[in-house]
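Quick notes on the structure that follows.
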Amino acid sequence: MSENQKVIEIEVLRYHPEKDNEPYQQVFEVPFTDDMSVLQGVQYIKDYLDGSLSFRWSCRMAICGSCGMMINGIPSLSCQTFLRDYYPARVRVEALAHFPIERDLVIGLEGFIEKLESIQPYIIPKEARTLAQGEYLQTPEQLGAYEQFSSCINCLLCYAACPQFGLNPSFIGPAATALLHRYNVDSRDGGKAERMELINSEQGVFNCTAVGYCSEVCPKGVDPANAVNQNKTNSAADYFLRFLAPKGGAK
Amino acid sequence: MKPGLKRSNAPIFWALFGAGGMLSALLGPMLVFITGLAIPLGILLPADTMSYPKMLAFAQNFIGKSFILAIIALFLWHAAHRIFHSLHDIGIHAGTGAKLLCYGLAMLGTVLAAYALLVIGF
Amino acid sequence: MSKRRPYVRSMDGWWRKNPFFVEYMIHEGTALFVAAYAGVLLTGLWRLSQGEAAWSAWLTALRNPWYIGFHLVALAAIGYHTYTWFKIMPRTMPPVIVGGQRLPGWVITAGGLAAAAVASLGLLALVWGMAR
Ligand code: SF4
Ligand code: FES
């Protein structure tokens with residue numbers, strides 16, 4: 001460590017289920033350089049100060065979606081948030097809001113995985129096709145209808161930004177709805193009616209009060225709020241018109 | 001995975017909320033200015049703009065009636081829906097009670113407005 | 001035996017913890033003024049149905065400084081509702097495709113605000129026209 005090594009304080013919300021009744025703050029002094037992300041700061045803690053600190057990460061390049069944390073209260077990918085932007089102040093890191101804390105910065109993902117499963121995040125072909133019929137063709141416009149929503153990396157920052165999910169964890173929530181929408185508007189897909197059941201349900205889009213923060217924090221420009229709100233319109237149309245033109249999706 | 005999904009009845013309230021929100025966003029400020037400031041303070045508009053004969057004629061006219069009813073009712077339904085959600089937001093999960101109170105008051109206001117418009121006649 | 005004991009944090013005061021949420025609560029709060037103003041109009045309508053004397057009494061009451069004060073605050077609040085309503089429109093509306101391009105959000109917001117301005121001036125002109 002050289003003389004003019006900068007040192008930043010990182011305050012971490014700790015929680016070890018086997019010994020702590022509730023989470024508590026712990027401050028670490030971390031030497032850093034200007035090119036270090038918050039993730040690298042936390043890694044420094046684990047490597048040199050306290051090996052018991054737990055957190056998730058993998059790619060270090062904002063694509064795997066596993067390193068999300070609350071950084072000074074804002075849902076962020078810790079690998080693309082830099083310590084230099086906080087120095088000389090202290091930076092606070094905490095597990096993503098609205099999810100149960102499994103241990104330190106690690107959240108419980110089961111709820112989300114279940115939701116992801118329930119939306120059937122794969123193309124349900126409109127009609128069976130044989131290999132001989134060749135590939136599906138799509139125009140740039142057809143691609144444009146869903147492309148944005150397919151950029152989701154399941155980082156869950158949007159859920160940590162969504163108070164309605166925090167207040168009611170059964171709400172299907174931003175990313176799952178964005179993904180659901182991504183398949184519903186895909187010209188190759190025929191599963192819309194099935195997926196609309198979820199949209200229309202009490203776990204569905206009407207839990208959203210258009211806070212809009214989810215889209216604000218999304219690192220991939222997915223705009224999940226738009227997917228949710230477009231489906232309010234879809235769902236309302238289905239609600240009022242289902243008796244006129246029954247085409248499934250309603251019960 | 002298909003748990004017993006229950007269809008939400010929210011679209012009814014959401015549609016009313018949206019209609020009232022749009023109407024109040026488009027006309028709300030100007031209406032407040034006209035009825036609450038310009039007329040009482042006697043600025044900008046002729047003094048007898050809201051005189052009894054003029055307002056009576058307006059409220060007896062079919063278009064005038066519809067306008068008055070739409071403004072009062074949709075403003076109320078818009079507000080009721082927002083307030084209901086805000087109660088939930090600040091941690092008052094009164095559920096059915098809050099729902100009945102919010103939407104019930106909007107319903108009451110709608111009925112009263114319709115009744116007054118009937119009394120005013122055609 | 002599993003050592004798992006997931007800790008669920010409280011949501012108490014969530015809306016105070018982020019300026020974005022504070023703004024959200026404020027724009028949701030404009031509904032109180034929309035409701036109160038609808039109440040004022042409903043009272044007026046009721047008085048109108050009771051005849052000329054009742055109506056004139058209501059008009060006089062509107063000149064009360066408390067009423068004026070209320071309407072000033074309501075004007076600000078509902079004006080803010082107008083602004084925020086159109087500000088979130090790009091997020092709440094299906095995409096608008098013009099010439100193969102998705103219309104940018106600010107255009108939708110600006111369009112909405114322009115529509116509100118036109119509608120308001122139209123209303124004023126209409127009231128003006130009917131009054132003369
Ligand atoms: S929608 Fe955006 S914020 Fe939400 S999980 Fe996907 S990438 Fe992350
Ligand atoms: S480590 Fe993969 S997104 Fe941050």
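Naming convention: chains lettered A, B, ... in sequence-line order (proteins, then strands); numbering from 1 in each chain.
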Practice problem: Taking the six-membered ring for Trp and the full ring for Phe, Tyr or His, determine whether the centres of C/W15 and C/Y24 are under 6.0 Å apart. | Solution: no
Applying a strict 4.5 Å limit to non-hydrogen atoms, the region of B/F84 in contact with chain C is neither
Ranking C/G122, C/S120, C/A116 by heavy-atom pairs under 4.5 Å to chain B gives rank one to C/S120
Highest number of heavy-atom pairs under 4.5 Å with chain B among C/I78, C/L62, C/L41, C/L48 belongs to C/L48
Ordered numerically, the heavy-atom neighbours of chain C under 4.5 Å found in residues 27-34 of chain B are B/L27, B/G28, B/P29, B/M30, B/L31, B/V32, B/F33, B/I34
Can you say whether the rings of B/F75 and C/Y37 are parallel (under 30°), tilted (30 to 60°) or perpendicular (over 60°)?
tilted
Under 4.5 Å to a heavy atom of chain C? For B/I68 that would be side chain
Around B/M107, counting heavy atoms of other residues, nucleotides and ligands shown, do more than 12 lie under 6.0 Å from its CE?
no
ask   = Among side-chain atoms of B/W77 and B/T110, is any donor-acceptor pair under 3.5 angstrom?
value = yes
Okay, C/T92 and chain B: the region with an atom under 4.5 Å from a heavy atom over there is neither
If one checks every heavy atom of B/I71 against chain C at 4.5 Å, the contacting part turns out to be side chain
In terms of heavy-atom pairs under 4.5 Å with chain B, the winner among C/Q50, C/E28, C/R63 is C/E28
Hits for side-chain hydrogen bond (donor to acceptor under 3.5 Å, both in side chains) against C/R4, two or more places apart or cross-chain, chain-then-number order -> A/E102, A/E110
Bottom line for B/D48: the part with an atom under 4.5 Å from chain C's heavy atoms is side chain
Most heavy-atom pairs under 4.5 Å with chain B, out of C/F33, C/Y80, C/F86, C/Y67, belong to C/F86
